[in-house]
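Down below is the structure, laid out as structure tokens.
Chain letters run A, B, ... following the sequence lines, proteins first, then strands; residues in each count from 1. Side chains are part of it too, since the values below use all heavy atoms of this structure and drop only hydrogens, waters and symmetry mates.
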There are 2 protein chains.
Amino acid sequence: MNLRQLSEVLGLSQTTVSRALNGYPEVSEKTRVRVREAAERHNYRPSLRATSLATGRTMMIGHVIPLSAREEMVNIIFTDFLAGAGEIYAQNGYAMRLSVVSDADEVEIYEDMKANGVVDGVLLHAPSENDQRIPLLDSLKLPFLVHGRATGTETPYSWLDVNNRRAIQRATEHLLELGHRRIALLNGLESYDFAIRRRSGYLGALEAAWIAADTSLMRSNEMTEPFGYKAGGEMLDQPNPPTAFIASSFVMALGVRRAIEERGLIMGRDVSVVCFDDDISYLPNGSDKPIFTALKSSVRAAGRRCAELLIAKINDEMPEEQHEQWEAELVIGPSTGPAPSES
Amino acid sequence: MNLRQLSEVLGLSQTTVSRALNGYPEVSEKTRVRVREAAERHNYRPSLRATSLATGRTMMIGHVIPLSAREEMVNIIFTDFLAGAGEIYAQNGYAMRLSVVSDADEVEIYEDMKANGVVDGVLLHAPSENDQRIPLLDSLKLPFLVHGRATGTETPYSWLDVNNRRAIQRATEHLLELGHRRIALLNGLESYDFAIRRRSGYLGALEAAWIAADTSLMRSNEMTEPFGYKAGGEMLDQPNPPTAFIASSFVMALGVRRAIEERGLIMGRDVSVVCFDDDISYLPNGSDKPIFTALKSSVRAAGRRCAELLIAKINDEMPEEQHEQWEAELVIGPSTGPAPSES
DNA sequence: TTGAAAGCGGTACCAC
DNA sequence: GTGGTACCGCTTTCAA
């Protein structure tokens, strides 16, 4: 049943039926009621295809997942963030359009989206330093919101980010207070802005404690378990191994844990591991070691907030660029482990 | 630049330009080349809004995530499965439409999708026993493919599923061979078909070994870390505790691990834990215990295959319903742990 | 081989 | 308050 058929059934014009259904004020109340009932009775649903052609709006929000960044994405963004955003989208009549795209097409896809007119706005994930997608989206006049930030970008843009720098700084300070002096950082790919900020927090805390950074204790790569295992193991096999690790993600921390246990070392006694993750908060904590992780609910809330801001933007309800920096809901504990043995 | 403008520039009709661009044979080769070049030069991109209204196809595939099943979804489906499906979609010009929906709207959303015409097909996740969505989608004539199976459904439908029953049966047999007699099952919600199959595999292995199932060793709930922790702990505190656990997901296994360690028990010596997960394969394995888990790559492949089948279905290239049951790529090892101590 | 014109199913301007 | 009608931008029949 389409609009024409419905209007014929009612003996009204398409115009009137359309207006009645969309809440225009000039329709008389009795007509509106009659139309609503008929629409309900005939199970009328307007075609979104037609509506979007006529109005230019698709009620879709684009999320682009570059193929190369899959590992990062899977860790950082997917699941809770998307679930949170999806809830808000649903409440506002939007749906999420997810496209996995090979890196070569990364630039073109935004131009396509604009020209095709398949989305009303875009949510940008995992920006890199001076991310080129931001000026691109800006010039395309496609409303967008960045989850994270891109240092070095002069184009004004709205973003929402967790305070990555402070989170890792606190983690480092925490380990320093426990007496650790050789603290390793297993970071995500430092082409991503969040990883740069995390490193900065790590370095800041060390500097404040008058400890020189040791590059043999700093590694950066895809945030996977195998990398945590490999890098962690190599560091432990060094002449002067670390007594504590800060992992940039949960799965990395699992890898480190495996490396530790394989060498007959005891987590929390010989080596401490701390991790920060936007996504999963389940760091196994039976043994005597610190936990340091953002909560799932915090990420979901971030997804919700991003969605709200983006929708406001699409509806032109945002007068100027908005920026929100969140403190991660960090958890430390329950037991923090002893100081490292003197070496 | 739209079709009309392009055709004016070329001094051709919209018809010819459209045909040239869409590879219709009746266009002369020189015209086609000329049109292609002009389209390229003017950066012409056809509006998907208009195309989909005209053709009735949207090049979108719907995935529905019920709000209540979020936890399950996040574990089972999201990430690798979606990434795999997304790759295939992209290769074929499709995109994924993800909608998070409250449970009350679960039925209506499919009717909406059909009437709205926003998707060309639907991928169904986490079916329950006798899932009502299957006859619904069938009657709506909306092409769909089920990831998983729904026992008790008489409507014919295409599905792709991992062999959940055999996977858990093998896990159980494995623990039995190690000498375990009190093996606990922490299952997902048994309203889901996969959970029913897993339980069946567990019971089958016990029965074959002439061991009576003990309901105090069987629990079913959302597959979260807290549930694994709680249920695992309660079982361990029983007068006659289990010597081994089979967890239906990775995060559940982490919860069990926490419960074990909190009680001063040693993983792999006092208690063994085995888990099966479609998603994450990072069961920490430093200590002496069995690992039993499906691989990430296997799930990604499943996503790809599902997408392929669904696209074939949408394009009417599938003569009859297709069913594929996959053996999970299971990993056992590296060390299997000793037999439980006599009690 | 090319073109004119009628859809697809709505929205919104302009009359009445 | 209601209706006629010209779009939105592409596909597709039918005629030339």
Side-chain angles (χ1 to χ4, degrees), chain A residues 1-36 38-39 42-60 93 111-120 141 314-315, chain B residues 1-36 38-39 42-60 93 111-120 315:
Chain A
M1 162 86 51
N2 61 24
L3 186 62
R4 191 173 47 74
Q5 294 170 321
L6 182 61
S7 66
E8 280 166 6
V9 166
L10 282 160
L12 287 168
S13 72
Q14 295 188 33
T15 312
T16 305
V17 176
S18 171
R19 283 201 274 239
L21 257 21
N22 292 307
Y24 281 66
E26 61 263 42
V27 180
S28 79
E29 211 38 52
K30 56 186 69 165
T31 308
R32 190 188 304 281
V33 170
R34 204 162 66 89
V35 170
R36 283 233 179 94
H42 292 90
N43 211 20
Y44 166 74
R45 263 123 165 157
S47 155
L48 243 115
R49 287 199 285 256
T51 308
S52 72
L53 179 57
T55 62
R57 303 190 55 170
T58 56
M59 305 312 280
M60 288 270 197
E111 292 171 355
D112 278 352
M113 281 187 172
K114 175 63 180 185
N116 284 337
V118 288
V119 296
D120 296 340
K141 303 251 172 293
I314 290 171
N315 296 327
Chain B
M1 162 87 48
N2 62 25
L3 187 62
R4 191 174 46 74
Q5 294 169 321
L6 182 61
S7 65
E8 279 166 7
V9 166
L10 283 160
L12 288 168
S13 72
Q14 295 188 34
T15 313
T16 305
V17 176
S18 170
R19 282 199 275 236
L21 257 21
N22 292 308
Y24 282 66
E26 62 264 40
V27 181
S28 79
E29 212 38 52
K30 55 186 72 166
T31 309
R32 192 189 303 283
V33 170
R34 204 161 67 89
V35 170
R36 283 231 179 96
H42 292 91
N43 209 19
Y44 167 73
R45 262 121 166 160
S47 155
L48 244 118
R49 288 198 286 255
T51 308
S52 73
L53 178 57
T55 62
R57 302 190 60 170
T58 56
M59 304 311 280
M60 287 271 196
E111 293 172 354
D112 279 351
M113 280 187 172
K114 174 63 179 185
N116 284 336
V118 288
V119 296
D120 296 340
N315 295 329

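A nucleotide of DNA chain D counts as in contact with chain A when one of its atoms lies under 4.0 Å from a heavy atom; the first and last such, 5' to 3', are D:dG1 to D:dG9. In 5' to 3' order, the nucleotides of DNA chain C bounding all contacts with chain B (an atom under 4.0 Å from a heavy atom) are C:dT1 to C:dG9.
The CG atom of B:N315 lies 5.0 Å from the CZ atom of B:R57; values are rounded to the nearest 0.5 Å. Rounding to the nearest 0.5 Å gives a distance of 10.5 Å between CG of A:L48 and CE of B:M60. Interatomic distance, B:R32 CZ to B:R19 CZ, rounded to the nearest 0.5 Å: 10.5 Å. Atoms OG1 and CZ, on B:T55 and A:R49 in that order, are 7.0 Å from each other to the nearest 0.5 Å.
One finds no salt bridge joining A:E111 and A:K114 here, because no Lys/Arg side-chain nitrogen approaches an Asp/Glu carboxylate oxygen to under 4.0 Å.
Direction of the helix axis in the helix from C:dT1-D:dA16 to C:dC16-D:dG1 shifts by 40° between the two five-pair termini, rounded to 10°.
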Tabulate below the donor-acceptor pairs under 3.5 Å that side-chain atoms of residues 5-14 of chain A make, not counting sequence neighbours, or state none.
unit_1: A:Q5; atom_1: OE1; unit_2: A:N2; atom_2: N; d: 2.8
unit_1: A:S7; atom_1: OG; unit_2: A:L3; atom_2: O; d: 3.3
unit_1: A:S7; atom_1: OG; unit_2: A:R4; atom_2: O; d: 2.7
unit_1: A:E8; atom_1: OE2; unit_2: A:R4; atom_2: NH1; d: 3.2
unit_1: A:S13; atom_1: OG; unit_2: A:T15; atom_2: N; d: 3.4
unit_1: A:S13; atom_1: OG; unit_2: A:T16; atom_2: N; d: 3.1
unit_1: A:S13; atom_1: OG; unit_2: A:T16; atom_2: OG1; d: 3.1

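Using a 4.5 Å heavy-atom threshold, the side chains of B:Y44 and B:V17 count as separate.
In plain terms, the two heavy atoms of A:T58 and A:G117 that are nearest each other are CG2-O, 3.0 Å. In terms of heavy-atom proximity, A:T51 sits nearest to A:P46 at OG1-CB, 4.4 Å.
Contact check of residues 42-52 of chain B against DNA chain D (heavy atom, cut-off under 4.0 Å) returns B:Y44, B:P46, B:S47, B:A50, B:T51. Heavy-atom distances under 4.0 Å link DNA chain D to A:S13, A:T15, A:T16, A:R19, A:E26, A:V27, A:S28 of residues 13-28 of chain A, given in residue order.
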